[in-house]
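So the structure is just underneath, and the comments pick up after that.
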Protein chains: 2
Amino acid sequence: MNDERRKFKREPAEARKEALILATLELVAENGVRGATVRAIAERADVTQGLIRHYFSSKEELIIAAYEHHMTAMTDETFAPAAGADGTALQRLTAFVNASLTPPVVDPRSIALWASFLNKVQQDPQMKATHERTYAYFRDRLEVLIAAALKEAGRPAPAARLRRLAIACNAVIDGLWLEGGALPDAFGPGELVEIGRHSVAAITGLNLEQEAEKK
Amino acid sequence: MNDERRKFKREPAEARKEALILATLELVAENGVRGATVRAIAERADVTQGLIRHYFSSKEELIIAAYEHHMTAMTDETFAPAAGADGTALQRLTAFVNASLTPPVVDPRSIALWASFLNKVQQDPQMKATHERTYAYFRDRLEVLIAAALKEAGRPAPAARLRRLAIACNAVIDGLWLEGGALPDAFGPGELVEIGRHSVAAITGLNLEQEAEKK
DNA sequence: CGCGTAATTATGCAAGTGTATAATTTCCCC
DNA sequence: GGGGAAATTATACACTTGCATAATTACGCG
C-alpha cells in the first residue's frame, strides 16, 4: 500500500506558531475575540484544532500572543518610514504624520482588530500593560519629534507644554486614523494626510505643508 | 395555601423593553456582543430568558435596538449642554467641546460599547447606516457651530475649508474621547477639556480659552 | 533502514449557546 | 370575584464551544 500522499507536514515551531497567530488575527478582525473559535482558527490555518493546544496552552494564551503580534506590527509600520534619522526634525515629523494616516496603518481591518481586543485589554492585566506601553511609546516618540522640530525652528518649549502638544497631536492623528478606518468611503484619497498635517501644523505652529511639498 | 408572594410582576411593554436593552448594554460593555448571552441578559434584568423572545424576535434584533439606544443617548448627552441657543456662537462651540470631553460622554464603558459594536457595525447594513448617520450628524453640527463662530468673528470661511476644519476638530475630540476613555488614569482632571479647547482654537483660529474663563 | 520522539490528527465530553414550544401566572374588565 | 388574554416562566433540543486524551503519522538520527 503506497500512500503517495502525506497526511500532513511537519513545520518548524516558530512558523506554525506565526501561522496560527495570523489566522487568529484574521478571525478576530472578522468576528471578534469570541467569534474567533478554536475550530475556525484551525481551519483557517489548515490544521486540526488539536494542534492549537500543542502550541498554546489555552485560547487565552493564543489571543494574548496575537494581540502583541498586532501591536508590534502596528508600531513597526508607523515608525519605519520616519526611522531614517536623516533630514531635519520637521521632515521626520511630517513623515510620521504621513505614515500614520496612510495604509497599511489606516485600514478597516486594523481598526476592527483594535476594537475587538479592547474588551480584553480592559480586563486582562497583561494585555492592559501592552496597551499602555504601546500608547506611551507612540506619544513619547511624537513628543520627541515635536520637541526637536520646535527647537530647530528656534522656539523650544517647556516640558509641560510639550506634553500637551503631544497629547493633542496624537489625538488628531488617532481620531483621523479611527474615522478613516471606520468609514473608508467618507474621505477622498490623501484627504486624511492633508488634514492631519494641517492640524498638527496649526497646533504646534510649525509649517509642515512646506515640508510636504519639498519632498 | 396562600402564596403571599407573587412569582413575577407584569410590566408595561415599553418599560420592560428598555430594561432589557439596558441590561444588554451593560453586558455588551463588559463582555462584547457574543459575551452578552441571552441568559446573562435575562438574569441581569431579573427575568427568565424566554421573555426576551417575547419582546424581540431574535437576539440580533435586541442587539440592534440596544445599539440604537446607545447612539441616541450619546448624541443627546453631547448636544444637550450646547442645545440652549442662547449665548454667542463661540460660547456654544466651547460648550460643545466641554461636553464632548467630560463624563458621561468620556467614560470607559462608553468606549467599550463603541468598540464592542464595531464588528457588527461593519457587517450589518442597518447598524452601518445608524453609525454613518450618527457620525454625519456630529460632524455637521460641529461644522455649523464653527461656521457661525467664524462668521461672528468677522472671518467667514468657504465650504471646502469649513469641511476640513470640521473633520479636523472632530478628529481631535474623537481622539481625546478615545484616549480619555481607554486610559482613564493617563490624564489629570480637566486636562482633556483644556487640551481639546486649545486644539480646536489652534485649528480654527478662534479664541475658546477666553470663553471658558468668562463662564 | 528502522526506531523513537515529537508533531499532528482523531475522538470524546461537559458546559454553554440561541431558539422553539408548552405550561403557568398575573391582572384587567365585566 | 371569576374569565380570559397576554405576560412570564419552564422545559427541551440541536448545535457550538473550549479542552482533554488517545491514536496516528512524519521524519531526524543512529
Side-chain angles (χ1 to χ4, degrees), chain A residues 1-24 26-28 30-67 116 119-120 123-124, chain B residues 1-24 26-28 30-67 116 119-120 123-124:
Chain A
M1 244 48 92
N2 68 338
D3 39 329
E4 60 214 4
R5 188 160 204 154
R6 302 275 114 95
K7 289 201 174 171
F8 60 86
K9 200 181 157 210
R10 290 168 103 113
E11 296 281 352
E14 284 313 308
R16 195 114 266 182
K17 267 193 163 186
E18 174 148 5
L20 288 174
I21 286 176
L22 292 181
T24 303
E26 281 184 31
L27 284 159
V28 168
E30 291 171 20
N31 307 323
V33 173
R34 298 211 189 206
T37 67
V38 174
R39 282 168 177 83
I41 293 170
E43 186 183 14
R44 187 70 63 102
D46 271 316
V47 143
T48 54
Q49 56 154 326
L51 192 58
I52 291 181
R53 267 280 285 175
H54 189 258
Y55 286 106
F56 301 91
S57 69
S58 69
K59 180 187 171 182
E60 185 83 4
E61 190 180 307
L62 171 56
I63 293 295
I64 290 176
Y67 178 63
S116 294
N119 273 328
K120 290 243 152 200
Q123 287 170 14
D124 183 284
Chain B
M1 239 54 90
N2 67 337
D3 38 327
E4 58 214 7
R5 188 161 203 150
R6 300 275 114 95
K7 289 200 175 171
F8 60 86
K9 198 180 157 212
R10 289 166 104 111
E11 295 281 352
E14 285 314 306
R16 196 116 263 184
K17 267 193 161 186
E18 175 148 7
L20 289 174
I21 287 177
L22 292 181
T24 303
E26 280 185 32
L27 284 161
V28 168
E30 290 170 20
N31 307 323
V33 173
R34 298 209 190 210
T37 68
V38 174
R39 283 168 178 80
I41 294 170
E43 186 183 13
R44 187 70 63 101
D46 271 315
V47 142
T48 55
Q49 55 154 327
L51 191 59
I52 290 181
R53 270 279 287 174
H54 189 259
Y55 285 106
F56 301 92
S57 68
S58 70
K59 180 188 171 182
E60 185 81 4
E61 190 179 308
L62 171 56
I63 293 295
I64 291 176
Y67 178 62
S116 295
N119 274 327
K120 291 243 150 202
Q123 287 170 13
D124 182 285

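Predicted model only: the values in this text are computed from it and were never measured. Just so we're on the same page: letters track the sequence lines, and every chain starts at 1.
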| said: Return whichever of B:Lys59 or A:Tyr55 has its heavy-atom-nearest nucleotide of DNA chain C closer to the 5' end. | reply: A:Tyr55
| task | Ignoring backbone atoms, test whether A:His54 places a side-chain nitrogen or oxygen under 4.0 Å from the OP1 or OP2 oxygen of C:dT8. | result | no
| request: Whole angstrom is fine here: how far is it from CZ in B:Phe8 over to C1' in D:dT8? | output: 4 Å
| Once you round it to whole Å, what is the distance between P of D:dC19 and CD1 of A:Ile63? | 10 Å
| said: Looking at B:Glu11 and B:Lys9, is any side-chain nitrogen of the basic one under 4.0 Å from a carboxylate oxygen of the acidic one? | reply: yes
| task | Would you please confirm or rule out a distance under 4.0 Å between OP1 or OP2 of D:dA20 and any side-chain N or O of A:Arg53? | result | yes
| task | Mind running side chain to side chain contact (heavy atoms under 4.5 Å, CB included) on A:Leu51 and A:Phe8 for me, showing each step along the way? | result | CA-CA 12 Å; A:Leu51 192 58; A:Phe8 60 86; over 6 Å; no
| task | Find which nucleotide of DNA chain C each of B:Ala36 and B:Lys9 is nearest to by heavy atoms, and output the residue with the more 5' nucleotide. | result | B:Ala36
| note | Among C:dT25, C:dA7, C:dT19, the one nearest any side-chain atom of B:Arg39 is C:dT19
| said: Quick test of your reading of the model: are A:Arg53 and A:Glu61 salt-bridged, counting only N-O distances below 4.0 Å? | reply: no
| field | Gap between atoms CD and C1', on B:Glu14 and D:dA7 respectively (whole Å) | value | 15 Å
| task | Give me the residues of residues 42-52 of chain B where at least one heavy atom lies under 4.0 Å from an atom of DNA chain D, by number, or none. | result | B:Val47, B:Thr48, B:Gln49, B:Gly50, B:Leu51
| A:Ile41 CD1 to D:dT16 P: how many Å, rounded? | 17 Å
| Please give, in whole Å, the distance from D:dT24 C1' to A:Lys7 NZ? | 8 Å
| said: Go through it in stages, so that I can follow the logic: the residues are B:Arg34 and B:Lys120, the test is side chain to side chain contact (heavy atoms under 4.5 Å, CB included), and I'd like the CA-CA distance, side-chain angles, deciding distance and then a yes or no. | reply: CA-CA 10 Å; B:Arg34 298 209 190 210; B:Lys120 291 243 150 202; over 6 Å; no
| message | Using only atom types and a distance under 3.5 Å, with no angle test, would you say the side chain of A:Ser116 pairs donor to acceptor with the backbone of A:Val33? | response | no
| remark: Here the distance between atom C1' of C:dG16 and atom CZ of A:Arg34, to the nearest Å, is 11 Å
| said: I want to verify a distance call: between D:dC27, D:dG18, D:dA7, whose nearest atom is closest to the A:Thr37 side chain? | reply: D:dG18
| task | Please answer whether the main-chain N or O of B:Ala36 pairs with a side-chain N or O of B:Lys59 as donor and acceptor at a distance below 3.5 Å. | result | yes
| message | Among D:dG18, C:dT25, C:dT19, which nucleotide has an atom closest to any side-chain atom of A:Val38? | response | D:dG18
| field | Flag, side chain of A:Gln49 to backbone of A:Ala40, donor-acceptor distance under 3.5 Å | value | no
| query | Has the side chain of A:Arg16 got a donor or acceptor that lies under 3.5 Å from a partner of the other kind on the base of C:dA7? | reply | no
| query | Taking CG from A:Leu62 and P from D:dT17, how many angstroms apart are they, rounded to a whole number? | reply | 15 Å
